[in-house]
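Written out below as structure tokens is the structure these notes cover.
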Amino acid sequence: MKIGFLGLGQMGHAMAANLLKAGHDLTVWNRSADKAKELVAAGARLAATPVEAGQGEVVMSMLADDAAVEAVVYGENGILGAPALHVSHSTIGVTLVERLTRDHAARSGFVSAPVFGRPPAAQAGKLFVVAAGETEAVDRCAPLFEAMGQRTFRVGTTPSAANVVKLGGNFMIMAAVEAMAEAMTLAEAGGVERRAMLEVLTGTIFNAPVYSLYGEILVEDRFRPAGFAAPLGLKDMNLVDAAATASRVPMPVLGVVRDHLRATIANHGADVDWAGIALAVRQAAGRD
Ligand code: NAP
């Protein structure tokens, strides 16, 4: 399929590489063009503008946040007027997705397909894709999702539904990391090593990927280089808050993890992984 890919950050670069490997005719664009070098060497074409990458059947975007997506869609040389179906993979807010859905409706069409999985999962083609949009449009994307992920979940025909699911999931990751960091800090204060605590957790009823993946990061203090940077995590918790406010859903735990993200960024810098909230938990207990 003739496709375009916008945004070659940690996630986008790996996803685009898998589309290329699957044999698709790929045109890429990134704000900083140097990040496209490897993909161009592997056979992708480099577009000078987003709209140039949107001339095929589908154009996918994987960008940092709402502002980046707005710039690439509505800005100069944005893809709004392009013929390709826009598939948005970024973790962005519900309100922006509703606006994108409206504005693409009479034109190319719009599918929202945020993903679960960190950069190593993206490299291995093992992401989980959560897709929502018109059935025919999502059907058309199925082979593309298969090239990037291990499973696609369809959550309806309203694109913003996929973002509600993704934001809810990211909130749960933060809540799980917060709970595990608190329990590990308590264990350490009681003379039990973090590694021993993790073995008990994952060997009993907490044997879920979220605990084993983030548990290893907490045990080994693997907060740099960030697989998912804390400022992006804070961006997501702010998007959860906006959605919760709009729907009048109280989420008291959200306040705790959001403050711990703020404290982590303030004390340890913007390049720390979002699992670094464990550092805020330890600091509050006088154990940093
Ligand atoms: P990243 O490595 O920081 O990449 C961000 C991308 O957005 C880069 O291509 C960057 O371009 C581009 N960008 C930022 N601001 C822009 C602007 N104003 N105009 C145009 N392009 C702009 O981030 P990432 O980790 O790949 O994350 C990308 C998205 O995936 C985010 O929404 C994130 O929440 C979501 N996500 C991440 C993970 C993870 O574990 N990392 C997992 C699931 C979902 P430059 O290269 O020019 O800076």
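One is the number of the first residue; the rest follow in order along the sequence. For ligands, and for the atoms within them, numbers begin at 1 and follow the listed sequence.
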- Shared hydrophobic cluster for Ile217 and Met184 (ILVMFWY, side-chain gaps under 4.5 Å): yes
- Message: If hydrophobic residues (ILVMFWY) are linked whenever their side-chain heavy atoms come closer than 4.5 Å, directly or via other members, who joins Val200 in its cluster?
- Response: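 Val200 shares its hydrophobic cluster with no other residue.
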- Message: Side-chain heavy atoms under 4.5 Å apart, restricted to Ile/Leu/Val/Met/Phe/Trp/Tyr: what other residues fall into the cluster of Leu6, or is it alone?
- Response: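 Trp29, Val59, Leu63, Val69, Val72, Val73, Tyr74, Ile79, Leu80, Ile92, Leu96, Val97, Leu100, Phe110, all in the cluster of Leu6.
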Give a table of atom pairs where an N or O of ligand 1 lies under 3.5 Å from a protein N or O.
from, atom 1, to, atom 2, distance (Å)
ligand 1, 2 (O), Gln10, N, 2.9
ligand 1, 7 (O), Ala64, N, 3.1
ligand 1, 9 (O), Leu8, N, 3.3
ligand 1, 9 (O), Gly9, N, 3.3
ligand 1, 9 (O), Asn30, OD1, 2.7
ligand 1, 15 (N), Arg31, NH1, 3.4
ligand 1, 18 (N), Arg31, NH1, 3.4
ligand 1, 26 (O), Gln10, N, 3.3
ligand 1, 26 (O), Met11, N, 2.9
ligand 1, 32 (O), Leu63, O, 3.0
ligand 1, 32 (O), Ala64, O, 2.9
ligand 1, 32 (O), Thr91, N, 3.1
ligand 1, 32 (O), Lys235, NZ, 3.3
ligand 1, 34 (O), Lys235, NZ, 2.9
ligand 1, 41 (N), Gly227, O, 3.0
ligand 1, 46 (O), Asn30, ND2, 2.9
ligand 1, 46 (O), Lys35, NZ, 2.6
ligand 1, 47 (O), Arg31, NE, 3.1
ligand 1, 47 (O), Ser32, N, 3.1
ligand 1, 47 (O), Ser32, OG, 2.4
ligand 1, 48 (O), Arg31, NH2, 2.9

- Query: Does Arg258 have any salt bridge (Lys or Arg N to Asp or Glu O under 4.0 Å) partners at least two apart in sequence or in another chain, and if so, which?
  - Reply: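 For Arg258, the residues satisfying salt bridge (Lys or Arg N to Asp or Glu O under 4.0 Å) (neighbours in sequence not counted) are Asp241.
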- Message: How close do Arg194 and Leu218 get, counting heavy atoms only, and between which atoms?
- Response: NH1-O, 2.7 Å
- Message: Surrounding CD of Glu38 (heavy atoms of other residues, nucleotides or ligands, distance under 6.0 Å), is the total greater than 12?
- Response: no
